[in-house]
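Note sheet for the following structure.
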Amino acid sequence: MCGVNGFTWNDADALRRMHRATTHRGPDDEGFFEAPGISFAHNRLSIIDLSPGGHQPMTSPDGRYTIIYNGEIYNYRELKRELEGLGETFTSQSDTEVLLRFFARWGVDGLRKLNGIFAFAVWDRDERSLTLVRDQIGIKPLYYHVDGTRLIFSSEIKAILEHDVSRVVDMEAVGQYFRLLYVPGPRTMFRDVKKLQPGHALTFSAKGGSASGGKDGQVAMKQWWKLEEGKQITSYKDAVVGVRERVRSAVQRQLVSDRPLGVFLSGGVDSTSVLAMMRDLDPSGTIKTFSVGYETEIDPQKYNADARLARQTSDHFKTEHYEFTMTAAVVLACLDDIALYMDEPVSNHVQSSTYLLAKFAKPTITVALGGDGGDELFGGYPRYWYAQKIDLIRRIPIARQALGLCLSKEFAKKTATTPGLERHLSFVMQKEVSVRSFLKTPGDVRSALAPSFASEWRDATNQLMAADVQTWLPDESLVRTDKLTMAHGLEERVPLLDVDLVEYAFRIPTRFKLDSRTQGKKVLIDAMRPYLPSHVLDQEKRAWMSPAAKWIRGPLLPFVREVLSPSYNPETAAFIDFAAANKILDDHLSKRAYGLHAIWSILTFQLWWKKFSSKIG
């Protein structure tokens with residue numbers, strides 16, 4: 001795992017400023033490539049082939065192509081054998097060299113063959129073109145700025161801002177952020193910086209190039225992978241076997257590492273499934289597991305349930321277990337750093353848990369496997385169960401009328417929605433009445449999420465899961481995973497988001513996934529049943545919880561009061577009604593209303609604004 005930086009002109013000082021801004025992503029090695037019209041810088045976190053043979057930037061033997069790359073190609077050995085059969089010879093054991101030769105031969109048209117997590121840039125000397133590529137699911141981030149004649153790119157926004165790029169905020173993104181708690185791509189919170197979308201490739205034609213029609217500075221965008229419904233699997237038994245085989249294969253592929261490797265273990269079905277496959281593949285080897293607990297006087301059993309389960313699971317699989325205990329004080333101490341590493345506001349109160357767990361694990365391991373993605377692929381969130389039931393209710397008008405009398409007002413609104421985008425918005429948006437009470441900025445969430453519903457799927461609830469895979473996962477969940485682990489030079493891999501498993505999961509009908517409101521993931525659980533201990537199989541689904549709501553009423557309160565003060569960032573009064581924001585806080589303190597999401601979204605935005613000296617256009 002690494003940091004990649006570059007731009008389409010030459011400026012040695014600017015290149016090294018970008019490089020320094022992302023040093024945390026690759027502390028093991030550094031490299032630069034500067035040629036007429038192109039500048040590359042690379043921070044290397046050595047994972048595969050620790051020798052100088054994996055050094056980047058890397059140039060093809062004929063000098064035409066130069067690559068910088070962040071990620072891992074899990075099927076690089078198979079691709080290497082295929083390329084050797086075509087006459088290619090290799091000088092290293094690195095997946096970077098395989099990716100370079102692969103791209104030189106097949107270019108963007110061959111990208112669907114890749115299985116991995118990646119964001120890379122390739123300079124074509126002959127065509128004088130730069131191509132940026134991001135993996136299918138968006139596990140690795142890649143950002144860019146283009147002004148019509150020049151392009152800048154990086155693994156992190158902060159490096160792009162080392163140039164004279166405007167820090168003016170995208171007003172539409174502000175409204176979307178407070179309604180979704182993240183900014184959907186391709187927007188970022190900065191008006192002039194964009195995300196490269198998952199499964200996309202961007203080609204920029206530099207001076208004198210023939211790419212994109214030969215016009216200087218022209219950008220061509222291509223979507224080379226798209227999540228589709230696929231041919232539906234009709235046999236539940238086949239689905240169970242297919243999931244089991246693909247989870248096992250994904251874990252086996254992702255154990256490739258020349259550095260120490262472990263597991264981030266919550267004690268739930270997803271991370272335990274990853275651990276179970278690791279143990280099955282290596283019955284007697286040492287496996288290191290890591291989990292997080294909380295020191296809190298209020299409801300300690302509730303907030304440490306995952307930590308207790310993780311200890312039980314560790315005992316069952318005989319792992320070497322490490323547990324980090326968080327306090328309000330350590331959370332308070334890291335919030336400013338998290339704002340810096342995240343680059344743009346993503347409001348989630350468990351960010352500090354990811355950040356501190358990675359920091360805790362780094363002295364022991366360099367690579368961690370996690371259970372991210374299981375809920376989105378296999379229906380783990382209650383909203384999928386509710387969505388399916390709403391469809392049933394809507395087919396029977398009398399039932400809908402009768403249930404309308406006994407349902408809450410909020411849920412009754414959901415039953416009135418049609419399948420697709422309307423239904424999705426009813427579940428994923430913050431309550432508009434709450435947002436409008438403190439936010440002065442509108443936000444068009446509909447247009448941001450509509451592409452996931454451009455065509456109607458046969459299985460409407462599966463399409464809701466797919467929408468989360470295409471939006472919430474890359475722009476909220478996975479970006480947290482990447483930024484907050486790479487802050488410490490630690491790579492997290494996500495086997496349940498292996499592209500083969502993802503494509504297979506959306507051939508499985510919803511009826512094979514949803515069992516009950518409190519669990520879901522039926523087909524995954526049955527696939528893993530031979531490997532999972534009973535204490536994991538018997539538990540109900542729980543969200544990853546932290547005591548943040550309680551801590552706001554206690555040790556975090558002075559800090560929250562300070563950050564929610566109009567004087568903290570006078571400029572943000574253009575967006576936020578701070579009297580209304582503090583009323584939400586007061587209502588939360590008195591328990592008149594639960595205000596964690598609104599409070600945390602404002603807190604996160606305020607910290608980000610101050611850290612990045614953002615501006616209003």
Side-chain angles (χ1 to χ4, degrees), residues 1-3 23-30 43-56 69-74 76-77 92-96 116-118 139-140 248 250-267 270-292 307 310-311 313-325 341 353-372 481-498:
M1 207 61 64
C2 309
T23 299
H24 52 278
R25 296 186 67 91
D28 298 330
D29 190 17
E30 63 179 10
N43 316 100
R44 185 183 182 197
L45 177 63
S46 303
I47 303 291
I48 297 174
D49 188 356
L50 310 184
S51 75
H55 179 79
Q56 297 183 49
Y69 152 55
N70 168 31
E72 313 289 346
I73 304 300
Y74 298 130
Y76 79 99
R77 289 171 173 153
S92 77
Q93 299 302 312
S94 76
D95 58 339
T96 305
I117 54 177
F118 49 86
I139 297 165
K140 293 290 101 185
R248 182 184 177 86
V251 172
Q252 187 169 27
R253 275 193 289 267
Q254 298 190 27
L255 291 177
V256 176
S257 174
D258 294 325
R259 301 290 291 273
L261 183 148
V263 182
F264 284 165
L265 183 63
S266 71
D270 301 338
S271 62
T272 304
S273 294
V274 172
L275 173 59
M277 289 294 97
M278 286 179 67
R279 177 53 78 206
D280 191 61
L281 290 162
D282 186 3
S284 59
T286 299
I287 299 176
K288 298 178 180 181
T289 51
F290 300 82
S291 65
V292 63
R311 287 194 293 271
T313 303
S314 168
D315 290 342
H316 177 86
F317 289 106
K318 297 179 172 57
T319 76
E320 186 178 306
H321 192 59
Y322 301 78
E323 184 176 315
F324 177 72
T325 301
Y341 286 118
S353 303
T354 304
Y355 178 80
L356 292 166
L357 184 61
K359 182 178 181 180
F360 173 68
K362 174 60 179 178
T364 308
I365 60 172
T366 305
V367 179
L369 273 61
D372 310 53
T481 296
D482 175 85
K483 298 290 184 65
L484 301 179
T485 57
M486 290 302 292
H488 308 291
L490 186 146
E491 171 182 298
E492 182 173 350
R493 299 177 179 177
V494 285
L496 297 185
L497 290 173
D498 179 279

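- Between Ser353 and Val292 the shortest heavy-atom distance is CB-CG1, 4.5 Å.
- When all heavy atoms of Thr485 and Ala358 are compared, the pair lying nearest together is CA-CB, 3.8 Å.
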Atom pairs and distances, side-chain donor-acceptor, residues 276-284, under 3.5 Å, sequence neighbours left out:
| residue | atom | partner | partner atom | Å |
| --- | --- | --- | --- | --- |
| Arg279 | NE | Phe317 | O | 3.0 |
| Arg279 | NH1 | Asp282 | O | 2.8 |
| Arg279 | NH1 | Pro283 | O | 3.4 |
| Arg279 | NH1 | Gly285 | O | 2.7 |
| Arg279 | NH2 | Gly285 | O | 3.2 |
| Arg279 | NH2 | Phe317 | O | 3.0 |
| Arg279 | NH2 | Lys318 | O | 3.1 |
| Asp280 | OD2 | Arg248 | NH1 | 2.2 |
| Asp282 | OD1 | Gly285 | N | 3.1 |

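- Taking a 6.0 Å sphere around NZ of Lys362, one finds it holds more than 12 heavy atoms contributed by other residues, nucleotides or ligands.
- Aromatic ring pairs are classed by plane angle as parallel below 30°, tilted from 30° to 60° and perpendicular above 60°; the pair His24 and Tyr341 is perpendicular.
- Distance check, rounded to the nearest 0.5 Å: NZ of Lys140 to CZ of Phe118 gives 12.0 Å.
- Between Arg44 and Glu30 no salt bridge is recorded (no basic side-chain N to carboxylate O distance below 4.0 Å).
- Between the side chain of Asn43 and the main chain of Gly26, no donor-acceptor pair closer than 3.5 Å is present.
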* To do: Might you work through the side-chain contact (heavy atoms from CB on, under 4.5 Å) test for Leu265 and Thr313, ending with a clear yes or no?
  => CA-CA 9 Å; Leu265 183 63; Thr313 303; 4.1 Å; yes

* To do: Just do the side-chain contact (heavy atoms from CB on, under 4.5 Å) check on Lys288 and Thr364 with the steps written out, would you?
  => CA-CA 9 Å; Lys288 298 178 180 181; Thr364 308; 3.5 Å; yes

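- Of all heavy-atom pairs spanning Thr286 and Glu320, the tightest one is CG2-OE1, 3.6 Å.
- Here the OG1 atom belonging to Thr354 is positioned 10.0 Å from the NE2 atom belonging to His488, to the nearest 0.5 angstrom.
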* Chi angles and distances behind the side-chain contact (heavy atoms from CB on, under 4.5 Å) call for Leu356, Phe324 -> CA-CA 8 Å; Leu356 292 166; Phe324 177 72; 3.6 Å; yes

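- Put simply, the side chain of Glu72 does not reach to within 4.5 Å of the side chain of Gln254, judged on heavy atoms.
- Under the 4.5 Å side-chain criterion, counting only non-hydrogen atoms from C-beta, Pro495 is in contact with Leu369.
- Thr96 and Gln56 share a side-chain donor-acceptor pair at under 3.5 Å.
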* Start with the C-alpha gap between Phe290 and Ile365, add the side-chain angles, then the distance that decides, and say whether side-chain contact (heavy atoms from CB on, under 4.5 Å) holds. => CA-CA 10 Å; Phe290 300 82; Ile365 60 172; 3.5 Å; yes

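- Under 4.0 Å is where a charged nitrogen must lie from a carboxylate oxygen, and between Arg493 and Asp498 no such pair does.
- The main-chain N or O of Met486 is never found under 3.5 Å from a side-chain atom of Arg25 such that the two would form a donor-acceptor pair.
- Inter-residue side-chain proximity for Thr366 and Leu261 is flagged as unmet; no heavy-atom pair is nearer than 4.5 Å.
- Ser271 contributes a side-chain N or O that, together with a main-chain N or O of Ser266, makes up a donor-acceptor pair within less than 3.5 Å.
- Phe264 places a side-chain heavy atom less than 4.5 Å from the side chain of Leu490.
- Summarising the geometry, atom OH belonging to Tyr76 is positioned 14.0 Å from atom CZ belonging to Arg253; distances are rounded to the nearest 0.5 Å.
- Glu492 approaches Ile117 most closely through the heavy-atom pair O-CD1, 4.4 Å.
- Ser314 places no side-chain N or O within donor-acceptor distance of the main-chain N or O of Ala310, the cut-off being under 3.5 Å.
- Ring geometry, Tyr322 versus Phe360: the interplanar angle exceeds 60°, so the pair is classed perpendicular (tilted spans 30 to 60°).
- Remark: the Asp95 side chain and the Tyr69 side chain contain an N/O donor-acceptor pair separated by less than 3.5 Å.
- Asp372 and Leu497 make their closest contact through O-CG, 3.7 Å (heavy atoms, listed as atom of the first residue, atom of the second, distance).
- Residues that satisfy the salt bridge (Lys or Arg N to Asp or Glu O under 4.0 Å) test with Asp270, not counting sequence neighbours, are Lys521.
- Shown here for Leu357 and Ser291, the closest heavy-atom pair between the two residues is CD1-O, 3.6 Å.
- Note that OG of Ser94 and NE2 of His55 are 11.5 Å apart. Values are rounded to the nearest 0.5 Å.
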